[in-house]
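Data block below; observations after.
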Amino acid sequence: MFNIRTKIKQLLQSDATGHEVTVMGWVRTFRNNQFIALNDGSTNNNLQIVVELGLLNDATLKRITTGASMKVKGVVVPSLGKGQKVELKAVSVEILGDSDAEKYPLQPKKHSLEFLREVAHLRFRTNTFGSVFRIRHSLAFAVHQFFNNKGFVYLHTPIITASDAEGAGEMFRVTTLPIDGTAPRNEDGSINFKEDFFGKSTNLTVSGQLEGELGAMAFSEIYTFGPTFRAENSNTARHLAEFWMIEPEMAFCDIEDNMNLAEEFIKYLIQYAMDNNREDLEFLAQRLAEEEKQLPQDKRSELGLIEKLEFVLNNSFERITYTEAIDILLNSPAYKKKKFQYDVKWGIDLQSEHERYLVEKHFKKPVIVTGYPAAIKAFYMRLNEDGKTVAAMDILAPGIGEIVGGSQREERLDMLLEKMKAMHIPAEEMSWYLDTRRFGTVPHAGFGLGFERMVQFVTGMGNIRDVIPFARTPKNCEF
RNA sequence: UCCCGAAUAGCUCAGUUGGUUAGAGCAUCUGACUGUUAAUCAGAGGGUCACUGGUUCAAGUCCAGUUUCGGGAGCCA
C-alpha cells in the first residue's frame with residue numbers, strides 16, 4: 001500500500017500541477033489551522049499541505065501537531081502564497097501517529113546543538129541534522145564508488161582482534177569471562193585467557209591496516225571501511241570512542257602514489273557532495289554564516305562553506321617534508337614572538353598549534369607533511385635513505401587537523417624485524433603479518449581517513465558528535 | 001586526564017552588594033482570527049534554581065565536593 005507514496009523532494013522538483021498524489025511524512029508546523037508543513041526527510045524543504053475549512057472535523061485538526069505523522073492524498077496546485085511554487089490541496093488526511101505536543105521536544109524554532117545531542121533519536125527531524133546525515137550518506141556512497149571505479153576490493157577486516165601490537169591507542173577488551181572477580185586465574189594470579197571465548201585475550205579493533213596489508217598482497221589494491229574503537233579518554237570536538245575509518249592499502253605503490261591517491265580521494269568526496277547535495281550544503285553554509293555573525297570579526301572565516309570546498313577542489317594540497325615544516329615554524333613570526341606553547345625543534349611531534357599554524361596561517365589550505373622522524377612514528381613505516389626519517393604522510397585540514405594518516409610500509413623483512421625489536425613489538429605473535437614480507441613482498445603503501453572528520457570538513461560542523469548518528473564518547477553511550 | 005567556564009520553566013536566557021512572592025521571549029493549553037511561511041492577537045498553566053554538604057538570622061546568589069555540558073590542551077583519525 002505504501003508504494004503509492006510520492007517523495008516530497010521529487011514533488012517539489014517539478015512544476016507540474018493538476019495531478020493527484022499521496023504523500024506521507026511528519027508535521028513540522030501547522031499554521032492557521034489550515035497549512036501543514038510536511039517533511040519526509042528526502043529534503044529540508046517542506047511540502048505545504050492546504051487543508052480547506054470544513055474538510056476535517058475539530059478532533060482531527062487537533063491531532064495535527066508538530067511531530068505527528070500522516071498520510072495525505074491531494075491535488076498538486078500552484079501555490080497562492082509566497083515561499084513555494086506548488087502546494088498540495090488535501091482531499092483526505094489520515095493521521096498515522098499522534099505526537100503529544102506537550103511532550104514532543106522539538107519545537108518549530110532554533111535549538112542548540114547541545115540540546116539536540118540529548119535527543120539524538122529525534123534530531124534527524126531537524127533541518128541541520130537532516131542535511132548533515134544526507135551528506136554523510138552521500139560521502140559513504142562516494143567512498144565505495146571511488147574505490148570501485150579504481151578496481152579496489154572492499155575487504156571486511158575483523159572487528160574483534162587479538163593483536164595488540166598496533167599501538168594505535170587504548171583498546172576495549174572483548175570477553176565473556178565474568179567481571180565480578182571470579183574469572184579463572186593462572187598460578188601467578190593473572191587472568192587465564194585460555195578459558196575465555198577465543199582462548200586468548202581479545203579487543204575491538206583500533207585499525208584494519210595490518211589485515212588490509214594481507215589483502216593488498218593478493219588483490220593489489222583493497223580498502224576497508226568500517227567501525228574503529230579507541231578507549232582513549234579523549235574529550236574533544238574531534239574524537240570519538242567509536243568512529244568509522246577508511247583504509248586503502250595498495251601494493252606496488254610508494255609514498256608519492258599514496259599522496260596522489262589520498263588527495264584525489266578527498267577531492268572526489270567533496271565533488272560528489274557538491275554535485276549531489278547542493279541544497280543541503282547551501283543550507284549548512286547559511287547556518288554557518290549566521291553562526292559566525294555572532295563572532296567577533298577576527299574569529300570569522302574568510303571563506304563560506306561552499307567557497308571553502310571549491311577552494312580545496314581547485315587547488316593542489318601543499319606538500320612539504322617534516323624538516324621543511326620545522327623550518328617554517330622556526331622562522332615564523334609566531335615562534336619569534338614566543339606564541340607557541342610548545343617549543344619547536346627537529347624531532348618533536350607536531351602539536352595542534354603547530355599544525356594549525358601551518359594550515360590556517362601559513363599555507364591556508366590542506367597540507368601534506370611527509371618524512372617524519374622514525375622515532376615518533378609506528379614500527380611499520382618504511383625507513384628513508386637518510387636512516388632517520390620514515391615515509392609517513394599526514395594530511396592536515398583547516399579547522400579539523402589531521403584528517404589522514406598514512407605511510408609507505410616497510411616491506412624489507414630484516415629492516416622490519418629490526419624495528420620491531422627496537423620498539424618491543426613481539427615478532428612471534430605477528431608472524432602472520434611478517435609472512436607477507438617472507439613470501440613475495442612488494443613495496444606498498446596506504447592510509448587511514450577518519451570518516452567523521454571528513455564529514456565535519458564537508459558539512460562545516462564544529463563538533464564530531466554532530467556528524468555521527470549516535471556518538472560514543474567517554475561517559476556517554478545513550479541510545 | 002589537565003586548565004578555564006557553565007548548569008535557573010519544555011527550549012533560549014535574565015536574576016544587582018546574600019533579603020522575604022524567582023522573571024522574560026518562544027513552546028504548551030484555552031479562546032479569537034483564517035492564504036499562513038518559526039502565522040498573528042488575548043488569556044492561562046508551568047520551577048527539586050544540577051546533586052550533596054557547609055557558612056549565615058537568611059543562599060538561585062558565598063564556600064567545598066560530585067556529576068554533566070561547553071571552550072582549550074594531550075592522545076589520535
Side-chain angles (χ1 to χ4, degrees), chain A residues 28-37 45-54 58 61-62 65-67 77-84 87 89 99-119 126-127 166-170 206-209 225 227-247 262 299 340-342 349-356 376-378 394-397 400-406 447-457 462-468 473-476 478:
Chain A
R28 284 285 176 86
T29 63
F30 184 33
R31 288 184 292 267
N32 224 353
N33 252 0
Q34 198 179 176
F35 303 100
I36 303 167
N45 298 316
N46 302 319
L47 176 66
Q48 172 151 291
I49 313 282
V50 183
V51 182
E52 296 203 319
L53 287 174
D58 283 0
L61 283 173
K62 283 218 186 310
T65 55
T66 303
V77 296
S79 180
L80 292 176
K82 288 166 189 165
Q84 60 277 318
E87 60 193 17
K89 191 172 153 190
S99 173
D100 185 338
E102 281 194 71
K103 292 179 181 151
Y104 188 61
L106 302 179
Q107 302 161 11
K109 61 173 249 184
K110 203 162 227 164
H111 286 294
S112 68
L113 297 175
E114 291 85 359
F115 169 69
L116 291 171
R117 245 170 255 157
E118 291 172 21
V119 287
T126 65
N127 285 337
E166 171 97 23
E170 292 295 311
V206 293
S207 164
Q209 182 202 313
F225 184 7
T228 307
F229 307 87
R230 305 268 168 94
E232 300 287 349
N233 191 7
S234 297
N235 294 286
T236 78
R238 54 188 183 283
H239 287 89
L240 292 165
E242 176 184 292
F243 63 99
W244 289 66
M245 187 157 64
I246 297 134
E247 294 177 290
K299 297 247 176 173
F340 292 135
Q341 194 189 333
Y342 292 86
D349 207 352
L350 295 179
Q351 302 294 318
S352 287
E353 58 179 357
H354 304 142
E355 295 181 349
R356 290 178 70 164
I376 59 171
K377 288 290 183 182
D394 283 358
I395 302 186
L396 312 175
I400 308 286
E402 186 178 342
I403 194 167
V404 162
F447 62 84
L449 175 120
F451 185 59
E452 283 76 18
R453 289 188 182 174
M454 187 67 205
V455 180
Q456 271 190 282
F457 187 74
N463 195 311
I464 200 164
R465 296 164 197 215
D466 296 329
V467 299
I468 189 164
T473 52
K475 301 283 183 285
N476 174 32
E478 290 298 311

Between [X] ([atom1]) and [N] ([atom2]), how many Å, whole number?
X      : N     : atom1 : atom2 : answer
A:E355 : B:A77 : CD    : P     : 11 Å
A:I36  : B:A39 : CD1   : P     : 13 Å
A:R465 : B:A77 : CZ    : C1'   : 16 Å
A:E242 : B:C76 : CD    : P     : 21 Å
A:L113 : B:C11 : CG    : P     : 15 Å
A:I464 : B:C75 : CD1   : C1'   : 14 Å
A:F115 : B:A7  : CZ    : C1'   : 15 Å
A:F35  : B:U37 : CZ    : P     : 9 Å

Taking any heavy-atom pair under 4.0 Å as a contact, classify [X]: base, sugar-phosphate, or nothing.
X      : result
A:Q48  : base
A:S112 : sugar-phosphate
A:T29  : sugar-phosphate
A:K82  : base
A:Y342 : sugar-phosphate
A:I403 : sugar-phosphate
A:L106 : nothing
A:T236 : base
A:Q84  : base
A:G81  : base

Does [X] make a side-chain donor-acceptor contact with the base of [N], cut-off 3.5 Å?
X      : N     : answer
A:S234 : B:C76 : no
A:N235 : B:U1  : yes
A:R453 : B:C76 : yes
A:H239 : B:C76 : yes
A:Q107 : B:G10 : yes
A:E87  : B:G35 : yes

Selected nucleotide, minimal atom distance to [X] side chain, candidates [options]:
X      : options             : result
A:A101 : B:U68, B:A77, B:C29 : B:C29
A:R117 : B:G70, B:U28, B:U36 : B:G70
A:E102 : B:U36, B:U30, B:C29 : B:C29
A:E114 : B:G35, B:A73, B:C69 : B:C69

Using 0.5 Å steps for rounding, measure from the [atom1] atom of [X] to the [atom2] atom of [Y].
X      : Y      : atom1 : atom2 : result
A:Q84  : A:L47  : CD    : CG    : 8.5 Å
A:I403 : A:R238 : CD1   : CZ    : 12.5 Å
A:R230 : A:H239 : CZ    : NE2   : 8.5 Å
A:I400 : A:E355 : CD1   : CD    : 12.5 Å
A:L113 : A:N463 : CG    : CG    : 8.0 Å
A:T236 : A:R465 : OG1   : CZ    : 7.5 Å

When Watson-Crick pairs (N1 to N3 and N6-O4 or O6-N4) and G-U wobble pairs (N1-O2 and O6-N3) count only below 3.5 Å on both distances, what is the dot-bracket string of RNA chain B, with | for other-strand pairs? (((((((..((((.....[...)))).(((((.......))))).....(((((..]....))))))))))))....
Test item: A:R356 and A:E353 side chains (from C-beta on) under 4.5 Å apart, heavy atoms: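 Heavy-atom side-chain distance check fails, nothing below 4.5 Å.
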Is the shortest side-chain heavy-atom distance between A:M245 and A:Q209 below 4.5 Å?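 Of all side-chain heavy-atom pairs linking A:Q209 with A:M245, none is under 4.5 Å.
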Identify, between A:S352 and A:V404, the residue whose nearest nucleotide on RNA chain B lies closer to the 5' end.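 In this pair, the answer is A:S352.
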Mapping A:V50 and A:N233 onto RNA chain B by nearest heavy atom, which one lands closer to the 5' end?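 Upstream on the strand: A:N233.
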pi-stack flag for A:F243 and B:A77, centroid dist under 5.5 Å, interplanar under 30°: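 Yes, A:F243 stacks on the base of B:A77.
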With 3.5 Å as the limit, what N/O pairs link the protein to nucleotides 41-45 of chain B?
none

Between B:A39 and A:R31, is there an OP1 or OP2 to side-chain N/O distance shorter than 4.0 Å?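 Yes.
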A:R238 vs B:G72: side-chain N/O to OP1/OP2 distance below 4.0 Å: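 No, no such contact exists.
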